[in-house]
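What follows is a single structure, written as structure tokens, with notes after it.
Because only heavy atoms are used, hydrogens play no part in the values below, and waters and symmetry mates are left out as well, while side chains stay in. Numbers restart at 1 for each chain; the letters A, B, ... are given by sequence-line order, proteins then strands.
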There are 2 protein chains.
Amino acid sequence: MTTRPGPRERLLDAARELTYSQGVHVGVDAILKQADVARRSLYQHFGSKDGLVAEVLRSDGALDGYRRVMDDAGDDPRDRVLAVFDELDVITTRPSFHGCRYTAAELALTDSGHPAHAEVRAFKEGLHRLLTAELARHGHRDPEGGADQLLVLIDGVLAHAVTRPGARPALAARALAEVVLASQS
Amino acid sequence: MTTRPGPRERLLDAARELTYSQGVHVGVDAILKQADVARRSLYQHFGSKDGLVAEVLRSDGALDGYRRVMDDAGDDPRDRVLAVFDELDVITTRPSFHGCRYTAAELALTDSGHPAHAEVRAFKEGLHRLLTAELARHGHRDPEGGADQLLVLIDGVLAHAVTRPGARPALAARALAEVVLASQS
DNA sequence: TAGTAGACAGAACGGTTGGTCTACTGTCAG
DNA sequence: CTGACAGTAGACCAACCGTTCTGTCTACTA
């Protein structure tokens with residue numbers, strides 16, 4: 001029998017799932033019930049619901065996901081970047097897809113003091129660095145500007161896929177990503 | 001003295017402002033207070049809060065905004081489409097900008113039965129038609145596919161501007177829009 | 001064996017949510 | 001004048017919100 005993860009892990013897993021499927025406004029009760037954890041443990045480990053939400057974003061590992069997709073695509077920077085859009089097509093056509101967790105959190109939490117905002121920004125900044133490095137390795141004329149364009153395409157795919165189901169925006173974006181990659185120095 | 005708009009109009013105006021600045025989860029009380037309207041009037045005119053939110057989206061006139069921006073840009077389809085991205089740069093750099101109202105509503109309302117979803121879809125569909133017609137007039141090789149790409153760029157700009165302030169994504173997207181426009185038949 | 005730390009259950013806190021209800025007021029047509 | 005109607009004011013409801021509390025049980029450690 002596998003040892004059951006501790007309350008902290010169970011709390012994070014349940015919150016990760018529920019804040020995505022139901023939005024960040026899920027009740028604490030629902031999270032506690034799914035995690036099968038005492039009310040007090042939440043406040044002992046994370047201080048507040050806001051703290052839990054922020055920790056879910058921080059520990060999400062989405063950046064590692066992008067890295068893995070690119071590593072699986074081989075060495076050519078062109079293939080590596082385009083693989084991201086192939087993966088986006090897979091992700092956005094899954095029935096369980098409900099949009100980008102970070103964008104959703106950013107839009108839903110209108111309180112500018114919420115600790116989740118810092119995590120969202122850190123993630124996007126990290127993704128920008130990742131793409132900049134890739135374009136630089138590819139000999140792009142303006143790696144930072146190119147990464148801006150790729151990021152707009154990625155965010156666009158994730159946002160568009162929610163509002164126009166069946167549109168396959170990742171395919172449309174992939175063609176534009178090829179254009180970005182063609183800007184050699 | 002100008003005649004004060006009726007309760008219905010005041011309710012819509014207040015809801016439009018508050019659901020944008022505070023998110024769709026603002027309380028009914030806050031809307032009623034700002035509209036200076038009796039509680040009962042809300043339910044008499046819109047049936048429920050959900051109905052009010054949906055009506056806000058339906059009557060928003062954002063599509064007319066896009067039309068006006070394009071009409072102000074003259075006759076050349078190329079200028080008309082690029083003007084949209086110039087306008088997006090203005091909008092997204094305003095301090096009051098908090099993202100696309102439709103995307104935010106779509107992500108925040110996880111209940112798939114909410115009447116607002118239909119309005120969001122109708123808006124995006126209308127914008128797609130608008131852009132398709134413009135590209136067709138421009139002699140684009142694949143107006144529908146091109147409109148898909150433009151829509152990804154627009155959604156990308158609106159989403160990205162929220163999560164990476166100061167990035168001016170509209171400028172990055174404008175360059176890609178020029179590429180879309182270059183696909184002549 | 002006693003002490004301690006962590007996890008548990010569950011009641012209760014004050015506050016807010018969306019929604020319903022009654023009662024009063026003004027207006028305007030017949 | 002009268003009745004209908006739209007609006008206002010405010011009490012009220014059950015449900016839920018995040019949070020804090022008391023108290024019990026278990027496992028490890030000194």
Taking only residues at least two apart or on different chains, which pairs with a member in residues 50-105 of chain B satisfy ring-ring contact (aromatic ring centres under 6.0 Å, His included)? B/Tyr20-B/His98, B/Tyr102-B/Phe123
Where does the chain A footprint on DNA chain C start and end, counting 5' to 3' with a 4.0 Å heavy-atom cut-off?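 Here the contact window of chain A covers C/dA7 to C/dA11.
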Rounded interatomic separation in angstrom, taking [atom1] from [X] and [atom2] from [N]:
| X | N | atom1 | atom2 | answer |
| --- | --- | --- | --- | --- |
| A/Leu42 | D/dC17 | CG | P | 14 Å |
| B/His45 | D/dA6 | NE2 | C1' | 8 Å |
| A/Lys49 | D/dC17 | NZ | C1' | 9 Å |
| A/Leu11 | D/dG18 | CG | P | 13 Å |

Any base atoms under 4.0 Å from A/Asp36, or only sugar-phosphate, or nothing? Heavy atoms, all strands. sugar-phosphate
For B/Arg8, answer base if it contacts any base atom (sugar-phosphate contacts may also be present), sugar-phosphate if it contacts only those atoms, and nothing otherwise; contact means non-hydrogen atoms under 4.0 Å.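 Since no nucleic acid heavy atom lies under 4.0 Å of B/Arg8, the category is nothing.
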Is there a side-chain polar atom (N or O) of B/Ser41 under 4.0 Å from OP1 or OP2 of D/dT8?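 Answer is yes, contact under 4.0 Å.
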Counting distance only, does the side-chain N/O of [X] pair as donor-acceptor with the main-chain N or O of [Y] below 3.5 Å?
| X | Y | result |
| --- | --- | --- |
| A/Lys49 | A/Gly27 | no |
| B/Arg78 | B/Leu181 | no |
| B/His114 | B/Ala116 | yes |

Look at the side chain of A/Arg39 against the base of D/dT19 and say whether a donor-acceptor pair falls under 3.5 Å; ignore hydrogens and angles.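 Yes.
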Strictly by side chain to side chain donor-acceptor pair (under 3.5 Å), give each pair with a member in residues 26-35 of chain A just once, sequence neighbours left out.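 For residues 26-35 of chain A, and leaving out neighbouring residues, the side chain to side chain donor-acceptor pair (under 3.5 Å) pairs sorted by first residue read A/Glu17-A/Gln34, A/Asp29-A/Arg39.
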Sorted by number, the residues of residues 15-33 of chain B with heavy-atom contact under 4.0 Å to DNA chain C: B/Val26, B/Gly27, B/Val28, B/Asp29
Tell me every residue that passes side chain to side chain donor-acceptor pair (under 3.5 Å) with A/Asp79, counting only those two or more places apart in sequence or in another chain.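 Checked A/Asp79 against side chain to side chain donor-acceptor pair (under 3.5 Å); zero matches.
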Map A/Asp50 and B/Arg10 onto DNA chain D by nearest heavy atom, then report which one ends up closer to the 5' terminus. B/Arg10
Please answer: with hydrophobic residues joined when any side-chain heavy atoms are less than 4.5 Å apart, are A/Val56 and A/Leu109 in the same cluster?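 As far as the 4.5 Å side-chain criterion goes, A/Leu109 and A/Val56 are not connected within one cluster.
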Is there a salt bridge (Lys or Arg N to Asp or Glu O under 4.0 Å) between B/Arg10 and B/Asp13? Walk through the geometry before answering. CA-CA 5 Å; B/Arg10 278 180 283 152; B/Asp13 289 344; over 6 Å; no
Run the side-chain donor-acceptor check on residues 154-162 of chain A: report pairs under 3.5 Å with partners two or more places apart or on a different chain.
| residue | atom | partner | partner atom | Å |
| --- | --- | --- | --- | --- |
| A/Asp155 | OD1 | A/Lys124 | NZ | 2.4 |
| A/Asp155 | OD2 | A/Lys124 | NZ | 3.4 |
| A/Asp155 | OD2 | B/His160 | ND1 | 2.9 |
| A/His160 | ND1 | B/Asp155 | OD2 | 2.9 |
| A/His160 | NE2 | A/Arg164 | NE | 3.2 |

